[in-house]
Structure formats: C-alpha cells, structure tokens
There are 2 protein chains.
Amino acid sequence: MPLKMRKNRSPKPPEPCLLTECMQVIAGAWAPNVIWSLRAGPRRFSELKVDIPPVSSKVLSARLSELEERGVLLRHVRPTSPPSVEYELTDLGEELIPALEAIVEVGHKLKARRGYHAVAEAAE
Amino acid sequence: MPLKMRKNRSPKPPEPCLLTECMQVIAGAWAPNVIWSLRAGPRRFSELKVDIPPVSSKVLSARLSELEERGVLLRHVRPTSPPSVEYELTDLGEELIPALEAIVEVGHKLKARRGYHAVAEAAE
DNA sequence: ACAAGTAGGTTTCTAATGGTAACTATGTTT
DNA sequence: AAACATAGTTACCATTAGAAACCTACTTGT
C-alpha cells in the first residue's frame, strides 16, 4: 500500500520563510564571524583579518560590501595617514547578535560532546 | 601618524572558533531549513521537498547525506511499496534547534522592521 | 636617498557549490 | 497498457570561494 504524504508543516503560499530570510542576511562565507567580531564596537579591515585568520582579503572585502548593502554595518573612512576604514554594526546588525550567541552556545555543547565522545572512544 | 592596530578580540592560537564550528555543522544550502522541518519529528524525502519548495532533488539529496555524515540526522528506509525513506534528527540535531529558533526570532524582528520602513518610506 | 612596511584593497586563476531540467528503477493504480 | 509515485541521479551551466600576486599612497628605518 502506498504511503500518504503527511501534511505540510509550514504553509508556504501565505508567508515567506522567516528562517530563510534571516539566513539571507547573514549569508556568505565568514559573514557571521564578521558580525560577531564587530559586536563589541568598530573595527578596521586589517583588524578583522586578524580576528578571522582564514578569511582572504578578497572575500572579506566582498562580505563587507554585501553586509553594508544589506544594512547590517556601516563603512566609515577616517582621514588618518594612510587613511583607515572602520566598520561598525547598525541597529539591524545588533539585532543579529542574539542569534549568533545562540549559535556560539551550540558550539560549546558540540565541544563538550566531542570531549565526551573522545573519552568514550578511548575507553573502548 | 599611523594607526596602531587594536588587539585581537578573540585569541586564536589556543582554541578553534566555536561560531565557525557550529556554522560548519549547519552549512550548505537549505541545511537549516531541513533541520527546522525535522524538529517536530521524522519526515520523508518528498515531504521535505514540499516543506522547502525552492530546494531541488539534487541539493536536498546532497544535504541529507552530508547532515547524516555529520551526525545531525538519521536515514531510515521503510519497506513500503515503493520503499520510502524517513529522516529524523539525532540528539546532536536536536541541540541545533535553539540556535535556529533564535534565527527565526530575528526573522520576526526583520519583518516588523520592514513593515515599519515601508510605512516610513510611503510617508515621505 | 632608497628600500621596506602599512592600509585597504583588486586582479587572476582555479576549485567547489548551487540551480535547472531531464532521466531512472521499481512497483501500483486506472 | 499508460500514467503515477518514490527517491533519487546525471549532465550542464552560473555563481562563489580560496590562494597568491599585485597596486597606490604614505611613512619609517638605514
């Protein structure tokens, strides 16, 4: 006997997906890390590169312009010599912080879990 | 006078980045949506496609194998006719739910904010 | 004076990822 | 017999990411 398909869990036609919408704001390689690094205040290009070692200039540059375009952060050129550029979160950017905190919190759990498994595996 | 670089905000050598680690678990197109769709219980391939209309068979298939490999979900073939395949979250998968809830919560804020801006722009 | 360094990128090239559409195998329903 | 359902796979193309080199303007060290 063929299976019946269970009904849809999230009615699609009426409203766009809130999960997808928020994910699109933080989409792109290293975007969450950039936002996380800016949570404590403004930060310059080269400082961000130090905060996030694996990111290349090209990708960091691309991500910063995208995030600026999305209204997540502001770019501010300061008349130093040589000129420096500071990035800082907008109010919208600040709203993303709780979600990133929740993700970091899961990171802690994963770490604890790995430690536990490593011990369990070593004991076998 | 040249600027001094402010000190690094997250000491890198000692520990790997918790944010990046958790992000890698939910990485890949539509992965968060798949996990979200499974949060209320097991779901079949074609049901997931209905839950997440924009995903293609190819990408859904790729995502499901990756998530299984990462230990986020289990694949279970049932001897129906034709055979059907159910996917369900593991304990590790369940641990990701709070983070996704936080993201959905931001989705709500973004929606509210959009409505507000739309009104403000219309009034100009 | 001249080489090297700093800041904030851009350019080029290659590899991996994602999207579209067509196609498959087995078995059931009409 | 033709059509449909399930759970994918395959081929092809467009976009994205990563590595490494390069660039302009200004400053510092020898």
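Nothing here was measured: the structure is a model prediction, and the numbers come from that model. Chain letters run A, B, ... following the sequence lines, proteins first, then strands; residues in each count from 1.
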Give me the distances for all protein-to-nucleotides 20-27 of chain C N/O pairs that come in under 3.5 Å?
from   : atom 1 : to      : atom 2 : distance (Å)
C/dG27 : O3'    : B/Ser81 : OG     : 2.7

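Here C/dG8 presents its C1' atom at 6 Å from CZ of A/Phe45, a figure rounded to the nearest Å. Straight-line distance from the CD atom of A/Glu66 to the P atom of D/dT15: 14 Å, rounded to whole Å. Look at CG on B/Asp51: it is 13 Å from P on D/dA7, rounded to the nearest Å. Atom-to-atom, CG of A/Leu60 to C1' of D/dT16 comes out at 16 Å; the value is rounded to the nearest Å. Rounded to an integer number of Å, the gap from B/Arg63 CZ to C/dG19 C1' is 12 Å. Separating the CD1 atom of A/Ile52 from the P atom of D/dG18 is a distance of 12 Å, rounded to the nearest angstrom. Protein atom CG of A/Leu64 is 13 Å distant from nucleotide atom P of D/dA17, rounded to whole Å. The distance from atom NZ of B/Lys49 to atom P of D/dT6 is 11 Å, rounded to the nearest whole Å.
Summarising the geometry of A/Ala99 relative to B/Ile103, their closest heavy-atom pair is CB-CG1, 4.0 Å, with the distance given to 0.1 Å. In plain terms, the two heavy atoms of B/Glu86 and B/Pro42 that are nearest each other are OE1-CB, 3.5 Å. Contact detail for B/Lys49 and B/Ser57: the closest heavy-atom pair is NZ-OG, 2.9 Å. Taking all atoms of both residues into account, the shortest heavy-atom contact from B/Tyr87 to B/Leu38 is O-CD2, 3.4 Å.
Against DNA chain C, the stretch residues 22-29 of chain B makes heavy-atom approaches under 4.0 Å through B/Gly28, B/Ala29.
Every residue two or more places apart in sequence or in another chain that forms a side-chain contact (heavy atoms from CB on, under 4.5 Å) with B/Lys58 is listed here: B/Ser56. Scored by the side-chain contact (heavy atoms from CB on, under 4.5 Å) test, A/Thr20 finds A/Cys17, A/Gln24, B/Trp30, B/Asn33 as partners (sequence neighbours excluded). Remark: B/Glu95 pairs with A/Lys109, A/Arg113 by the side-chain contact (heavy atoms from CB on, under 4.5 Å) rule, at least two apart or across chains. Partners of A/Ile26 by side-chain contact (heavy atoms from CB on, under 4.5 Å), not counting sequence neighbours, listed by chain and number: A/Met23, A/Ile35, A/Leu96.
Comparing atom distances between the B/Arg44 side chain and each of D/dT6, C/dG9, C/dG18 picks out D/dT6 as nearest. Of the candidates C/dG9, C/dG8, D/dA7, C/dG9 carries the atom nearest the A/Tyr87 side chain, counting heavy atoms from C-beta on.
Listed pair B/Arg75 / D/dG8 meets the phosphate criterion, a side-chain N or O lying under 4.0 Å from OP1 or OP2. At the phosphate of C/dG19, OP1 or OP2 sits under 4.0 Å from a side-chain N or O atom of B/Trp30.
When atom types are taken as modelled, the side chain of A/Arg43 and the backbone of A/Leu48 share no donor-acceptor pair closer than 3.5 angstrom.
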